[in-house]
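Just so it is clear: chains get the letters A, B, ... in the order the sequence lines come, proteins before strands, and each one is counted from 1.
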2 protein chains.
Amino acid sequence: MNLTKSINRPTLHEELVERLRNLVVEDALKPGEKVPEKDLCEAFGVSRTPLREALKVLASEGLVVLQANRGARVAQVTREELENTFPVIAVLEQLAGELACQNLSGAGIARIEKRHDAMVKAFISRDRKVYFKANQDIHNALIEGAQNEILEAHHRMLAVRVRRARFMVNLSDERWAQAIQEHEQMMEKLRDRDATGLGQLMKTHMMNKYAAHIRALDPAPGDMAES
Amino acid sequence: MNLTKSINRPTLHEELVERLRNLVVEDALKPGEKVPEKDLCEAFGVSRTPLREALKVLASEGLVVLQANRGARVAQVTREELENTFPVIAVLEQLAGELACQNLSGAGIARIEKRHDAMVKAFISRDRKVYFKANQDIHNALIEGAQNEILEAHHRMLAVRVRRARFMVNLSDERWAQAIQEHEQMMEKLRDRDATGLGQLMKTHMMNKYAAHIRALDPAPGDMAES
DNA sequence: TGACTGAATTATGAATTCATAATTACGTTT
DNA sequence: AAACGTAATTATGAATTCATAATTCAGTCA
């Protein structure tokens, strides 16, 4: 009788980590904004202790910046940070692709195929919202398919930080079409269980996404006003 | 006048994160052992509040496991975890190698060359302690040389967890010689600034290290007693 | 003797309190 | 009115307190 992880009433601070993380990711707390302990305590109906614990965790994830005696601010996603993050995500996805080819079951591949079809449909009808969701599902499924918790954890950490940039908003038609094409190729490799092939594609897919993003938010690097 | 990060009196909990992390990494707190809040508070002369904050952070780094109402235990490094960790470190090192070739200054390369020589000397005199130190320095220098903070942060996180396994203890003479040879090749690539070459080597170097480690601690996977 | 029950003890999670740093508001001076 | 200095207010870091879950230990009964 294995009762591992049976009852789990999540501890307060864990709950708070979750909820605060969501607030940050979903942009309810804007980058640079300071995080008002008191208000959040009232909002969540908890004391400062667990909330502060949660903030420490969020800080270690890089979602929040702590300044001694000045509390917490939502971390800014600087251009430099993005530039640094994408290559790392890219190699993690590469590895994920390789491992997924080796470790995914036939049923697992089929499930991804389904999601892929849904994504293509969303592309055809130009439904951005559904597209984004399906896209994310596919990437997550591939990461999961790698069956490597460490990889998954670190990928998630990085993905969260990037997602906050909400760069998909300005997805050009060209880039969109290209992305779909890349996904088609990825599915091919996955069906063939071509590990290195899928890895390669996933890496370049991510770097292309990055390039498009940079182009989109660009008014030339380096001339952002200090305010 | 740029006064960014001038005065920084580290906050108590940050200090504690540091010190506790060291205790775990240096094996003063053994895996599986429970972390006694009270004793540590007395030892450090602080109250439970900052110590517990620190534990939450360590938990999010995976060095410690929290069980609700049962406090913290030092995380076990399971075989599965190691198996999952090494490939991730490997691809991060690969990326680091590529970036280091592009971003390191001549002086930076020279510095690494020096450390490399020191390491070889330690190998010749079979001085394990000096060797390990030099080896770690080289890897760290290459990671730093990549000049990508995100990469560095995630690499450090993973390296810490692996280092705890202290697998270098049982380094066979064959593997040791092989490792030196691999490092020689790496230096060559670095001198030539052959980015993909160095990346490739660093990846396989890490995977070889892993293989040797597995061989060393192996009495066949899967038959570790539950105790 | 050995397994079970339940009280006593201890440890933990979370709220509260306290001391101090940071910020704001106000008054003074020029 | 603008700039400075000072007092009041607020927010933060950390210690303390409190309630409760977990553990230990003694006593009971089979």
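- Within 4.0 Å of A:Glu53, counting heavy atoms only, lies no atom of the nucleic acid at all.
- Salt-bridge check for A:Arg161 with A:Glu81: passed, with a basic side-chain N closer than 4.0 Å to an acidic carboxylate O.
- Computed from coordinates, the A:Asn69 CG to C:dA22 C1' distance equals 8 Å when rounded to whole Å.
- At whole-Å resolution of the value, CZ in B:Arg73 and P in C:dA11 are 14 Å apart.
- Scanning for side-chain contact (heavy atoms from CB on, under 4.5 Å) contacts around A:Val46 gives A:Leu12, A:Leu16, A:Phe44, A:Pro50, with sequence neighbours left out.
- Residue pairs that meet the side chain to side chain donor-acceptor pair (under 3.5 Å) test with at least one member in residues 87-113 of chain B, sequence neighbours left out, are B:Glu93-B:His139, B:Glu93-B:His155, B:Glu113-B:Arg191.
- D:dT23 atom C1' lies 14 Å from atom CD of B:Gln67, rounded to whole Å.
- For the side-chain contact (heavy atoms from CB on, under 4.5 Å) test, residues two or more places apart in sequence or in another chain that qualify with B:Ala72 are B:Val35, B:Leu55, B:Val64, B:Leu66.
- Going from atom NZ of B:Lys34 over to atom P of D:dA22 covers 15 Å, rounded to whole Å.
- Each of A:Pro36 and B:Arg70 was assigned the nucleotide of DNA chain D with the nearest heavy atom; the assignment lying further toward the 5' end belongs to A:Pro36.
- Ranking C:dA14, D:dA22, D:dA15 by closeness to the A:Leu12 side chain, first place goes to C:dA14.
- For residues 55-67 of chain B, the set of pairs meeting the salt bridge (charged side-chain N to carboxylate O under 4.0 Å, His left out) definition, not counting sequence neighbours, comprises A:Glu53-B:Lys56, B:Arg21-B:Glu61.
- Here salt bridge (charged side-chain N to carboxylate O under 4.0 Å, His left out) pairs that include residues 39-48 of chain B, with residues two or more places apart or in two chains, are B:Glu37-B:Arg48, B:Lys38-B:Glu42.
- When rounded to the nearest whole Å, the span between NE2 of B:His13 and P of D:dA15 equals 13 Å.
- Shown for residues 38-51 of chain A: residues whose heavy atoms fall under 4.0 angstrom of DNA chain D, namely A:Lys38, A:Arg48.
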